[in-house]
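Below, all heavy atoms of this structure are taken into account, side chains as well, without hydrogens, waters or symmetry copies.
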Amino acid sequence: MGKPVKLGACEAIFNMKTNTVLFVVTVRLLFLSNWTYGDVHLSAKIAENADIGQQVVHVLPTSPGAKEEVPCDITDGNIHGRFSVTHVCVVVVARPLDFSIYRRYNLTVNVPGTTETRFVDIQVEDVDGYPPIYNDTCEIASYANFHKVKKDEFLCPSAKEGTWHSRRPNQDRKHPVRTQRYLHLSCYYRRQNGSSRALRATGNCPPGKRGELCEEDCNCLNGASCDRWAGCVCPPGWTGKLCETKCPDGTYGRSCKGECECQNGAFCDPTDGQCNCTEGWYGIHCTRPCLSGRYGWRCRQACDCKNNATCHHVDGSCTCTPPWTGRQCDVIQTEPSLLPLQISIPLSLTLLGVLAALVALYKWRAVTRMKQHEDQEETQVLLELKSMEENLAQSLQPGWLKRWERKAKDLTLGDLIGQGAFSFIREGRLRTANADVTVVAVKSARSKDRLCYRAFYREAAMLVALDENCEEHNPDGHPNIIKLFGVITRSRPRCILLEYAAKGDLLQLLKQQTKNNVACLVGSFLRYAVHISRALKELRRLRIAHGDVAARNVLISGDDVTKLSDFGLAHDVYTTTTYISSGKNDAEELLPLKWMALESLETRQFTCESNTWSFGVLIWEIAAFGEEPGYQNEIRLSCPRLVGILRQGYRLQKPPGCPDRLYDVMKSCWQEDPSARPEPVELEQKLTDCREEIDPLFVVEKESAV
Ligand SMILES: Nc1ncnc2c1ncn2[C@@H]1O[C@H](COP(=O)(O)OP(=O)(O)OP(=O)(O)O)[C@@H](O)[C@H]1O
């Protein structure tokens, strides 16, 4: 095809029609020769925009109007069936032609009743501007008109009348057309009256270019990408033709569609709506004043008000109770005549001196005690924890360890009830404030190494953040997340005190099942999946990635409520210093590879969307009754091998007896594009629907569902 000519869409339609008429006339039989017995060679030219049914060449020398039927047959050279022969042996166009794909066809035509063979040489002629870049409603075509199947594969659009055909053989509405960057993708719309229309989408332009002929510069700013047709596609937080303008105040995200919910003068990050609280406030939306005893930016400062004075959460100023006065409320207000300056000044100085000495002594003793007790590994983890606290500052208030510290003497340790990669779990009895005794699960580090300590403190921090930020209607914490009772970090063994889940973990429960009436059984287990989808919703609200959602980490309470547990790999997804394994030796072996999302395997980064992927594997575990997930009959897979398998589109296979609808839910969680995976609320709905379909007990349980 000649150099494309840039036309207005409707102009192009007009020109095409004119061309068609022109070329109908120019279709000509150049020469007929050797009308004798034996082989006959014919040649013809046809314009690439010829209509379907348009005559190309008479194979037999018939006089016009001849009615005698000669059912000839094209036996060779008819690539992709572009031509056919009529009942009087005339070669006609059968499918759309394209100069840029095939310029010449050498047909072999058999004439019945003779031994002669006709060889027809057809030359396709280029038509300027054809196929035109427009669709049936005169709009510029883009990939939006096509149905994307997967990367670089499209289906032709459905047509109101007639059929779309792609130019490649055997590719129609049912068969995807493959394209590549910078290449064209065309579909033909064949009308019932035989005429045809073309719809062409083109690939991307080279970087920095856009427009129909990739002739325009993009000039996009602030990291925007450039779309050939749409122009600059702004990253979240930016808008404008060239993405040169920040989102207006109070909005954030892509196209500035998000509405900021930050309160109390907090700065709202225009990219993701994250709130950066002003002094004295904390919480996801900065709605909570600093807890008592703290003030300032990120509630980092400790108040120094004395004698029951109240401390202002913003600036730390003290409001004294009588008779105290002074900046720290540590001076008794007396009649000036009763305490002459000659006495009060030296007295205060002496008191201050004594106080300073006491503080220094206290600190020195504390440091000495720390040095005695903390071994090197734990110190290292505590240092790491500082940076995690920074990242979690919105939801984890300073002093959290102190706030949740419980006394070792209040705990009585019982039997070992479980062990994981990082911890030992014992039953225990905890004496609480009002002398009640509560049964708890006591989690302690399995060994004194860095990995175990890291999981220990990370889990404690996450559970504190979850508890202290729970919604008002859940004052005791989220019902589907394991509850924290406290920590013991000042004596050994270090312990996390957790709600005791009497029925143990979901994986064991699944393995114990006898598989009668599989679909029904799966249906009843889906109630646990529904509970976990609610826990995931809570994690999404607080933007916390769990990192290890799996049946082994789902616990079941005595009253049959499922609790997500084991937050040792969890982290805050706000953070830019997201936990990345420091090296293969210490982390890779311990990462839950077969539960991890494709992007987490590649980048070691966990997000709420990667939670969803792992949740899909958890549903699979339910449907497979606790079987170990495996790909292509391989249970042990290296990380690169697994990435390769997943990138090729392989996923865990449908477990025997698993209903199709449930498998569809799993597959939706394993979509390559994280943003295409369903939200936890959608999952809750889909799983509830599945349950309703397959679990006969559902209706009964529905009302008491937690
Ligand atoms: N709160 C609890 N109540 C009852 N049993 C529990 C509780 N917490 C843990 N367990 C038992 O102990 C086992 C190990 O606990 P957990 O998974 O939290 O340890 P971990 O070392 O952090 O594990 P992992 O190997 O999954 O990282 C669980 O599978 C469960 O059987």
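In this structure, K686 places its NZ atom where more than 12 heavy-atom neighbours from other residues, nucleotides or ligands lie under 6.0 Å away. Remark: E259 CD is loosely packed, at most 12 non-hydrogen atoms of other residues, nucleotides or ligands lying under 6.0 Å away. Annotation for K407: atom NZ does not count as buried by contact number, only 12 or fewer foreign heavy atoms lying within 6.0 Å. Around the CG atom of D673, the shell of radius 6.0 Å holds more than 12 heavy atoms that belong to other residues, nucleotides or ligands.
Looking only at distances, no side-chain donor or acceptor of N474 sits under 3.5 Å from a matching main-chain atom of D476. With S557 contributing its side chain and V561 its backbone, the two residues share a donor-acceptor pair below 3.5 Å. No donor-acceptor distance shorter than 3.5 angstrom exists from the side chain of S423 to the backbone of Q419, with no hydrogens or angles considered. With D505 contributing its side chain and V554 its backbone, the two residues share no donor-acceptor pair below 3.5 Å. Panel note: side chain H312, backbone S317; no donor-acceptor pair is recorded below 3.5 Å. Not one N or O on the side chain of N611 forms a donor-acceptor pair closer than 3.5 Å with the backbone of V549. Side-chain atoms of Q301 never come within 3.5 Å of backbone atoms of Y295 as a donor-acceptor pair (strictly under, hydrogens ignored). Side-chain atoms of T607 come within 3.5 Å of backbone atoms of E609 as a donor-acceptor pair (strictly under, hydrogens ignored). Within the 3.5 Å criterion, the main-chain N or O of F485 finds a donor-acceptor partner in the side chain of R406. Checked by atom type and distance alone, the side chain of T325 never pairs as donor or acceptor with a backbone atom of C329 at under 3.5 Å.
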*asked:* Set out, in order, the CA-CA distance, both residues' side-chain angles and the distance that settles side-chain contact (heavy atoms from CB on, under 4.5 Å) for L564 and H546, then state yes or no.
replied: CA-CA 9 Å; L564 185 59; H546 184 280; 3.7 Å; yes
*Just do the side-chain contact (heavy atoms from CB on, under 4.5 Å) check on I496 and V442 with the steps written out, would you?*
CA-CA 6 Å; I496 300 177; V442 184; over 6 Å; no
*Please assess T278 against F267 for the test side-chain contact (heavy atoms from CB on, under 4.5 Å), listing each intermediate value before the final yes or no.*
CA-CA 8 Å; T278 52; F267 168 77; over 6 Å; no
*Worked verdict on K443 versus D566 for salt bridge (Lys or Arg N to Asp or Glu O under 4.0 Å)*: CA-CA 10 Å; K443 191 165 192 172; D566 197 0; 3.7 Å; yes
*Test side-chain contact (heavy atoms from CB on, under 4.5 Å) on I488 and L411 and set out the steps.*
CA-CA 10 Å; I488 295 176; L411 178 72; 3.9 Å; yes
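Here E459 does not pair with R454 in a salt bridge; the nearest charged N to carboxylate O distance is not below 4.0 Å. Ion pair K503/D560 flagged as a salt bridge, since at least one NZ, NE, NH1 or NH2 atom sits closer than 4.0 Å to an Asp/Glu carboxylate oxygen. Between R677 and E599, at least one side-chain N (NZ, or NE/NH1/NH2) sits under 4.0 Å from a carboxylate O, which counts as a salt bridge. Classification of E538 and R541 as a salt-bridged pair holds, one side-chain N sitting under 4.0 Å from a carboxylate O. By the 4.0 Å N-to-carboxylate-O rule, D415 lies too far from R426 to be salt-bridged with it. Contact check on R431 versus D410 returns a salt bridge, with a Lys/Arg side-chain nitrogen under 4.0 Å from an Asp/Glu carboxylate oxygen. Salt-bridge check for R403 with D467: failed, with every basic side-chain N at 4.0 Å or more from each acidic carboxylate O. Look at K594 and E628 and you find a salt bridge, because one of the NZ, NE, NH1 or NH2 atoms lies within 4.0 Å of a carboxylate O, short of that distance. Between R298 and E279 no salt bridge is recorded (no basic side-chain N to carboxylate O distance below 4.0 Å).
In terms of heavy atoms, A309 sits closest to C318 at CB-CB, 4.2 Å. What you find for R494 and S444 is that their closest heavy atoms are O-CB, 3.3 Å. Taking each heavy atom of T287 and N264 in turn, the nearest pair found is CA-ND2, 3.9 Å. Closest approach of S610 to S600, counting heavy atoms only: CB-OG, 3.3 Å. When all heavy atoms of L510 and A551 are compared, the pair lying nearest together is CD1-CB, 4.3 Å. When all heavy atoms of E499 and I481 are compared, the pair lying nearest together is OE1-O, 4.1 Å.
No hydrogens or angles considered: nothing links the side chains of E405 and W400 as a donor-acceptor pair under 3.5 Å.
Between R543 and I284 there is no side-chain heavy-atom pair separated by less than 4.5 Å. Counting heavy atoms from C-beta on, the side chains of I425 and Y500 never come closer than 4.5 Å. Looking at I556 and L506, their side chains come closer than 4.5 Å, going by heavy atoms from C-beta outward. Using a 4.5 Å heavy-atom cutoff, the side chains of R254 and P236 are in contact. Side-chain atoms of L497 and V487, non-hydrogen and from C-beta on, never get closer than 4.5 Å to each other. L683 is listed as a side-chain neighbour of C669, based on a closest heavy-atom distance under 4.5 Å. Side-chain contact between L526 and L662 is present, with at least one heavy-atom pair separated by less than 4.5 Å. In this structure the side chain of L430 never reaches within 4.5 angstrom of the side chain of V437, judged on heavy atoms.
Cation-pi contact between R552 and W595: present, with separation from the ring centre below 6.0 Å and deviation from the ring axis of at most 45°.
Ring centers of Y453 and F456: at least 6.0 Å apart, outside the cut-off.
The SG atom of C299 sits 11.5 Å away from atom CZ of R288, with the distance rounded to the nearest 0.5 Å. Atom-to-atom distance recorded for L401:CG and T489:OG1 is 5.0 Å, nearest 0.5 angstrom. Separation of atoms CD1 (I332) and SG (C320) is listed at 11.5 Å; rounding is to 0.5 Å. Atom CD1 of I532 and atom NZ of K563 lie 10.0 Å apart (nearest 0.5 Å). Summarising the geometry, atom CG belonging to L687 is positioned 11.5 Å from atom NE2 belonging to H531; distances are rounded to the nearest 0.5 Å. Here the straight-line distance linking atom CG of N480 with atom OG of S533 works out to 8.0 Å at 0.5 Å rounding.
The SG atoms of C275 and C286 sit 2.5 Å or more apart. With C311, the cysteine C303 has an SG gap short of 2.5 Å. Sulfur-sulfur distance for C268 and C262: not below 2.5 Å, with no disulfide indicated.
Taking the six-membered ring where tryptophan is involved, the planes of W613 and W670 are tilted, since the angle between them lies from 30° to 60°.
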